[in-house]
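Letters A, B, ... mirror the listed sequences (proteins, then strands); counts begin at 1. Values below: all heavy atoms of this structure, side chains included; hydrogens, waters and symmetry mates excluded. What you are looking at is a predicted structure, and each value in this text was computed from that prediction instead of being measured.
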Amino acid sequence: MIKFHRIPITPGELSLDNVLQCGQAFRWIYHKDKSHYSTTMRFGNQYHILVMKQPDNTCVEFSVMGTANPDTAHVADHLKNYFRLEVPLDKLLRTEWAVRDSNFKMKLHRGVRLLSQDPWETLISYICSSNNNISRITKMCHSLCAQFGNKLGEHDGVEYYSFPTSDEIKERASEEKLRSLGFGYRAKFIMGTARKMVEDRRNLPDSQYLESWKDHLTYEQIRDKFMAFPGVGPKVADCVCLSGMQMDDVVPVDVHIARIAQRDYKFTLNKSKIEELQIQYSDLPVTRKKVNYELDLIRIMFKEKWGDFAGWAQGILFAQEVGKTSGATSEGMIKKRSLEVEIKVEVTDTLGQYQTVEEESIEYSVTGRPKRKSAKRDSYES
DNA sequence: CCCAGACCTCTAGA
DNA sequence: ATCTAGAGGTCTG
C-alpha cells in the first residue's frame, strides 16, 4: 500500500483541485477512485513518480513511487517549493490587493496559487497552449512524455515518463512525428525551440540554463530571450516567467485578462506611455518586434496596481474568469477537463469552506494515443 | 507600427 | 449522432 507523508498547510492557502486544474500545470492525472493526483517530477537531477492528495484544508499528503527511496524530508522541501508555500496568499489578498483595488475586495483566492514549475517543461507546455484548449494541451504534454521521454515505471495501469529534454526532443522527435501526434502547427515550434535550446545552453541542463538568466538579466531581457524561441510571443514568455521562473510580479495578458482590464478596470490606452515603451524596448530587438503595446500596458497597469505578487493576483482572476466561461457555477472554478476521471465541482459557502456539490465523469487518455475503452475503464474505474 | 489572416486539431455544445 | 465555433497565441505579409 502507498504510504503517504503529510505536509501541513495554513487552512485555505492551497486547494490542490483548483491549483492543479486551473490551466497552469498540464501533467497531473486525477484518479477518481482514489481521490488523488499523480505525475512525474524532477527533484534535482532525478525523476520520480509522485502521488498527492488533500484530505482536508489543513494539509496535503504525498508519496513517491518506484525507484530508490528518496529522502522524505528532501521531497517535502521540494514540494513546499513547488507550491510556493512560503508565500502567504491570504495575507497578500487582505493587505496588498484588496486595499489597493476595490475590484478585489469581494474576491476570494480559493487556494489558487502560482507554482514553481520546471522552466524547460513550462516553456514547451505553454508553446503548446497557443490558440488551444486546456484538455488538448494536457493531452499533448502527456503525449510528448510518452513518446519522447524516458519510462519511469507503471502504477495502476498508468505508465509514467519523464518530460523530454531538449536533446531528447531533438534526437527522438521530428516535425512530422509531432504533427501525426496531433500537435498541428506547433510541431515546428517545438522542434525549433528544442534545437535552439541545445545550441544555446552549452553544457548546462535545460532548466539550469534558463534559471541562470535570473542571475544577470532583467525581466525585460529574460522575456526577450524567451521570445527568441519560435512559437514564443509575449504571452507565452510571461507565463514561463511567472509559473516556471518564480517571477511573481509578471502578469501574462491573454484574452481573458485583457477582457477583465477593459470590463472591470476601464483600461484605456495612453499614447505617451506607448512611446515610453517603444524607447525602453529599442535595445531589445525581439521584444520590439513581437510585443503588442496595448497588452503590454495592461500588464504594467496590473503590476503597478497589485505589486510584487501581481502575477498571483492575475492567477486568481484568471481562474475565476475561466471558470465562468467553462460552464461551472460562478461560485466554483473547477472546469471540465478531458480526463477519464471524476472532477469535483466545489462551491464555497459564506464561511469560505469547501463543499463538494457535484461530480461528473469525463474521458482521458494518458499517452495521447488512442486507447481501448476497456483498458481505460480497468485503469480508472473502481 | 498596426492590422488582418492563416494556422492544426480537437473538444465542447448546439 | 453530426456539425461548427472557438480555444490562456504566434507568425507573416
(request) Would you mind reading off the distance between Lys139(A) atom NZ and dC10(B) atom P, rounded to a whole angstrom? (result) 6 Å
(message) Tell me the interatomic distance from Tyr185(A), atom OH, to dG5(B), atom P, rounded to whole angstroms.
(response) 18 Å
(message) For the base of dG8(C) and the side-chain ring of Tyr126(A), does the geometry meet a stacking cutoff of under 5.5 Å between centres and under 30° between planes?
(response) no
(request) Choose from dA12(B), dC1(B), dT10(C) the nucleotide whose nearest atom is closest to any side-chain atom of Tyr293(A). (result) dC1(B)
(request) Send over the distance from Asn292(A) CG to dA4(B) P, rounded to a whole Å. (result) 12 Å
(message) For the P atoms, the ones on dC8(B) and on dG13(C), what distance do you get once it is rounded to whole angstrom?
(response) 14 Å
(message) For Arg27(A), is there an ion pair with Glu121(A) - N to carboxylate O distance below 4.0 angstrom?
(response) yes
(message) Using side-chain heavy atoms (C-beta onward) and a distance below 4.5 Å, is Thr193(A) in contact with Ile124(A)?
(response) yes
(message) Ring-plane angle category for Tyr37(A) and Tyr30(A), please: parallel below 30°, perpendicular beyond 60°, tilted otherwise.
(response) tilted
(message) With nearest nucleotide decided by heavy atoms, which residue, Phe318(A) or Val232(A), maps closer to the 5′ end of DNA chain C?
(response) Phe318(A)
(request) Provide, to the nearest angstrom, the distance between the CG atom belonging to Leu181(A) and the P atom belonging to dC10(B). (result) 10 Å
(request) State the dot-bracket string of DNA chain B. Criteria: Watson-Crick or G-U wobble, both atom distances under 3.5 angstrom; notation: ( ) intrastrand, [ ] crossing earlier pairs, | interstrand, . unpaired. (result) ..|||||.||||||
(message) In terms of relative ring orientation, are Trp28(A) and Tyr82(A) parallel, tilted or perpendicular, with 30° and 60° separating the classes?
(response) tilted
(message) How many whole angstroms separate atom CG of Leu123(A) from atom P of dG8(C)?
(response) 19 Å
(message) From CG of Leu295(A) over to P of dC2(B), roughly how many Å is that when rounded to an integer?
(response) 11 Å
Could you write out each protein N or O paired with an N or O of nucleotides 3-7 of chain C at a distance under 3.5 Å?
{"unit_1": "dA7(C)", "atom_1": "O3'", "unit_2": "Asn132(A)", "atom_2": "O", "d": "2.8"}
{"unit_1": "dA7(C)", "atom_1": "N7", "unit_2": "Asn131(A)", "atom_2": "OD1", "d": "3.3"}

(message) I'd like to know if Asp101(A) and Lys107(A) make a salt bridge, using a cut-off of under 4.0 Å between side-chain N and carboxylate O.
(response) no
(request) Send over the distance from Arg179(A) CZ to dC10(B) C1', rounded to a whole Å. (result) 15 Å
(message) Both Ile137(A) and Phe189(A) contact DNA chain C. Which one's nearest nucleotide lies toward the 5' end?
(response) Ile137(A)
(message) As a test of reading the structure: which of dG9(C), dT11(B), dC1(B) is closest to the side chain of Gln278(A), going by heavy atoms?
(response) dC1(B)
(message) Between the side chains of Glu154(A) and Lys151(A), is the shortest nitrogen-to-carboxylate-oxygen separation below 4.0 Å, so that they form an ion pair?
(response) yes
(request) Using a strict cut-off of less than 4.0 Å between a Lys/Arg side-chain nitrogen and an Asp/Glu carboxylate oxygen, indicate whether Glu199(A) and Arg195(A) qualify as a salt bridge. (result) no
(request) Ignoring backbone atoms, establish whether Lys290(A) has a side-chain N or O less than 4.0 Å from OP1 or OP2 of dC11(C). (result) yes
(request) Using the P atom as the reference point in each nucleotide, state the distance between dG13(B) and dG8(C) in Å, no decimals. (result) 12 Å
(message) Rounded to whole Å, please give me the gap between CD in Gln320(A) and P in dG8(C).
(response) 17 Å
(message) Under 4.0 Å, counting only non-hydrogen atoms across every strand here, what does Glu294(A) touch: a base, just sugar-phosphate, or nothing?
(response) nothing
(request) Indicate yes or no for a side-chain donor-acceptor contact from Asp308(A) to the backbone of Asp248(A) under 3.5 Å, with no hydrogens or angles considered. (result) no
(message) Is the distance from the ring center of Phe189(A) to that of Phe183(A) below 6.0 Å?
(response) no
(message) Taking side-chain hydrogen bond (donor to acceptor under 3.5 Å, both in side chains) as the criterion, tell me which of Asn132(A), Thr138(A), Asn133(A) meets it with Arg136(A).
(response) Asn132(A)
